[in-house]
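Both counts, for ligands and for their atoms, begin at 1 and track the order of listing. As the structure is a prediction and not an experimental result, all values here were calculated from the model.
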Amino acid sequence: MKILCIGRNYSEHIRELNNEVPEDIVFFLKPDTSLTKGEENFYYPDFSSEIHYECEVVVKIDKIGKCIPIEYAKDYYSQIALGIDYTLRDIQSKYKAKGLPWTLAKGFDYSAPVSEFVSLKDLNKDIQNIDFTLLKNGELVQNGNTSYMLHTVDEIIAYISQFITLKTGDLIFTGTPKGVGTIQKGDILEAYLEGKSMLRQEIK
Ligand code: MG
């Protein structure tokens with residue numbers, strides 16, 4: 001199982017980090033050891049002093065596919081979840097300045113908590129019109145809707161599968177809206193999908 005993550009997929013988030021809007025879809029990988037459950041605590045590691053939360057809609061791949069045409073991409077997923085793409089922003093900024101890979105900043109252990117999955121059928125919503133929010137200590141910090149994505153889920157699947165075969169159980173983090181910020185020990189993060197509580201983590 002692999003975890004693919006899209007970077008820079010919401011324009012207001014691109015602006016808040018002073019990044020450029022990319023020409024192509026930007027993606028990176030997290031190892032399977034980054035995955036945790038959405039109700040587990042997050043233990044602040046000692047190798048960073050600036051960790052950001054990034055709340056994202058996560059799509060689970062249902063079957064193997066390579067070079068998936070965009071018009072068939074919908075056949076490759078049926079469930080979504082919410083996840084946090086924890087990012088060591090201090091280390092990422094240092095690596096970005098040198099043009100080096102982000103692997104450590106994004107792929108450290110427990111950097112990818114993912115909630116339970118819900119079926120799109122049960123949600124009865126278009127995947128490109130899903131509301132999701134993140135609260136930090138009870139305060140709304142991220143308020144997104146998947147209609148604001150620069151690249152749709154189907155575009156992402158068609159694009160990535162040209163280069164990397166997608167397999168059953170693979171997860172795709174689809175990018176974060178604006179409002180990313182730091183976490184400190186004692187903080188509580190809670191994520192909601194269409195108003196339904198999905199994920200709750202205490203930072204320890
Ligand atoms: Mg992200």
Side-chain angles (χ1 to χ4, degrees), residues 1-36 38 42 44-45 48 50-61 77 80-96 100-115 117 127-128 130-136 141-153 155-157 159-160 164 170-183 187 189-193 198-199 201 203:
M1 191 276 282
K2 57 186 169 293
I3 303 171
L4 295 143
C5 306
I6 310 305
R8 304 181 188 175
N9 203 23
Y10 287 83
S11 50
E12 288 181 331
H13 169 62
I14 295 172
R15 277 199 287 277
E16 76 182 347
L17 292 185
N18 292 317
N19 286 320
E20 280 176 24
V21 177
E23 271 179 48
D24 292 321
I25 294 172
V26 173
F27 68 98
F28 56 89
L29 287 153
K30 286 180 187 256
D32 57 4
T33 39
S34 64
L35 185 65
T36 61
F42 178 86
Y44 204 108
S48 175
E50 188 190 12
I51 302 181
H52 275 194
Y53 57 79
E54 296 186 356
C55 185
E56 311 196 4
V57 170
V58 179
V59 176
K60 187 191 273 183
I61 296 297
Y77 60 87
I80 60 169
L82 287 182
I84 309 278
D85 167 19
Y86 282 115
T87 303
L88 311 178
R89 197 69 79 198
D90 47 356
I91 290 172
Q92 188 196 31
S93 300
K94 200 169 76 185
Y95 287 0
K96 264 163 71 176
L100 294 170
W102 302 354
T103 308
L104 170 56
K106 292 286 196 177
F108 61 100
D109 282 351
Y110 320 122
S111 62
V114 174
S115 74
F117 281 80
I127 196 165
Q128 296 307 147
I130 306 274
D131 282 320
F132 61 107
T133 54
L134 183 74
L135 275 63
K136 183 172 115 174
V141 286
Q142 290 194 280
N143 187 10
N145 183 287
T146 53
S147 62
Y148 302 144
M149 285 183 185
L150 297 175
H151 303 284
T152 64
V153 171
E155 286 169 10
I156 291 164
I157 287 173
Y159 182 78
I160 292 178
I164 297 176
D170 286 352
L171 302 179
I172 303 178
F173 277 64
T174 55
T176 199
K178 71 169 176 177
V180 302
T182 56
I183 50 165
D187 285 345
L189 298 181
E190 296 166 285
Y192 293 81
L193 185 93
M198 298 290 286
L199 175 150
Q201 284 206 310
I203 315 303

Of all pairs that satisfy salt bridge (charged side-chain N to carboxylate O under 4.0 Å, His left out), the ones with a partner from residues 81-90, not counting sequence neighbours: Lys30-Asp85, Glu54-Arg89, Asp85-Lys106
Contacts of type ring pair (Phe, Tyr, Trp, His ring centres under 6.0 Å), residue Phe173, not counting sequence neighbours: none
Name of the residue among Leu171, Leu199, Ile3 meeting side chain to side chain contact (heavy atoms under 4.5 Å, CB included) with Val114: Leu171
Atoms named by residue and atom, protein N, O or S, within reach of the Mg ion (ligand 1) (under 2.8 Å): Glu54 OE1, Glu56 OE2, Asp85 OD2
Spatial distance of atom OH (Tyr110) from atom OG1 (Thr33) [nearest 0.5 Å]: 8.5 Å
Qualifying salt bridge (charged side-chain N to carboxylate O under 4.0 Å, His left out) pairs, either residue in residues 5-17, two or more places apart: Glu12-Lys178
Closest contact, heavy atoms only, Lys60 versus Tyr77: O-CB, 3.4 Å
